[in-house]
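Everything on this sheet refers to the single structure shown next.
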Amino acid sequence: AQSVTQLGSHVSVSEGALVLLRCNYSSSVPPYLFWYVQYPNQGLQLLLKYTSAATLVKGINGFEAEFKKSETSFHLTKPSAHMSDAAEYFCAVSDLNDYKLSFGAGTTVTVRA
Amino acid sequence: EAGVAQSPRYKIIEKRQSVAFWCNPISGHATLYWYQQILGQGPKLLIQFQNNGVVDDSQLPKDRFSAERLKGVDSTLKIQPAKLEDSAVYLCASSSPGYNEQFFGPGTRLTVL
């Protein structure tokens with residue numbers, strides 16, 4: 001079964017600083033990869049997804065992620081953090097022929113003024 | 001376009017009681033998922049429906065959990081009897097057939113005392 005590992009359960013950044021959230025997947029075949037964001041008391045919202053097209057994927061709210069097959073990674077970045085980016089972020093993976101999602105444990109981002 | 005609707009948003013019950021959650025997916029979405037999200041963890045798939053048929057319920061604790069989607073539209077998830085460890089957020093998601101993006105509802109937060 002597919003799985004992902006998110007490194008770091010909490011990340012704290014200053015407003016305006018780079019946001020970097022790490023995700024590694026376990027699969028011999030590049031799967032579909034996703035980043036979701038969850039604000040308090042809300043459901044999950046898709047930030048971006050990798051589906052074997054471009055390796056650099058741009059998403060909403062200024063986020064982007066780069067798929068690196070050699071490193072089995074799909075790290076999420078944003079050049080300049082905003083207070084509204086404070087939330088929990090989940091990396092998820094699915095097989096190419098089966099769209100069930102397996103989620104990582106999540107990374108909570110706090111943004112300092 | 002209306003999103004995925006879930007109710008209730010919050011529920012507090014005593015252990016050994018029963019509880020039911022309701023989900024109405026996005027119109028036209030044939031695939032419906034129920035996830036359990038325990039505090040501090042990523043969502044875990046409980047059951048997947050395609051129209052009114054079950055595709056995968058391998059992670060559903062069938063001794064106490066049940067789910068149905070009788071008319072292929074809305075769905076209910078039931079727990080009977082509830083245990084303390086069932087305290088979690090229950091998320092419903094839907095997607096179009098052959099489309100690898102899932103849309104999530106706001107979730108139902110269950111507290112079992």
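Proteins come first, then strands; the chains are lettered A, B, ... in the order of their sequence lines, and each starts at number 1. Values reported hereafter were calculated over all heavy atoms of this structure, with side chains retained and with hydrogens, waters and symmetry mates removed.
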Heavy-atom proximity to chain B below 4.5 Å, by part of [X]:
X	result
A/Q38	side chain
A/L44	both
A/S9	neither

* Segment of B/Q48 engaging chain A (4.5 angstrom heavy-atom cut-off) ->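 Contact with chain A is through the side chain of B/Q48 alone.
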Quick one: do [X] and [Y] end up in the same hydrophobic cluster if we chain Ile, Leu, Val, Met, Phe, Trp and Tyr together by side-chain heavy atoms under 4.5 Å apart?
X	Y	answer
A/V11	A/L7	no
A/V93	A/F67	yes
A/F74	A/V109	yes
B/L113	B/L110	no
B/L60	B/I79	yes

* Quick one: do A/L46 and B/Q102 satisfy side chain to side chain contact (heavy atoms under 4.5 Å, CB included)? Show the steps, please. => CA-CA 8 Å; A/L46 182 68; B/Q102 295 182 27; over 6 Å; no
* Heavy-atom side-chain contact between B/Q37 and A/F90 under 4.5 Å ->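 SC-SC contact between B/Q37 and A/F90 confirmed.
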* To do: Evaluate the side-chain proximity of A/Y99 to B/S95: yes if any heavy-atom separation is below 4.5 Å, no if none is.
  =>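 No, too far: nothing below the 4.5 Å cut-off.
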[atom1]-[atom2] distance between [X] and [Y], expressed to the nearest 0.5 angstrom:
X	Y	atom1	atom2	answer
A/Y50	B/N100	OH	CG	12.0 Å
B/E101	A/S94	CD	OG	11.5 Å
B/F104	A/Y36	CZ	OH	5.0 Å

Does [atom1] belonging to [X] count more than 12 external heavy atoms closer than 6.0 Å?
X	atom1	answer
B/L39	CG	no
A/K100	NZ	yes
B/K62	NZ	yes

* To do: Give the intermediate values and the outcome of side chain to side chain contact (heavy atoms under 4.5 Å, CB included) for residues B/L45 and A/L101.
  => CA-CA 7 Å; B/L45 179 68; A/L101 293 173; over 6 Å; no
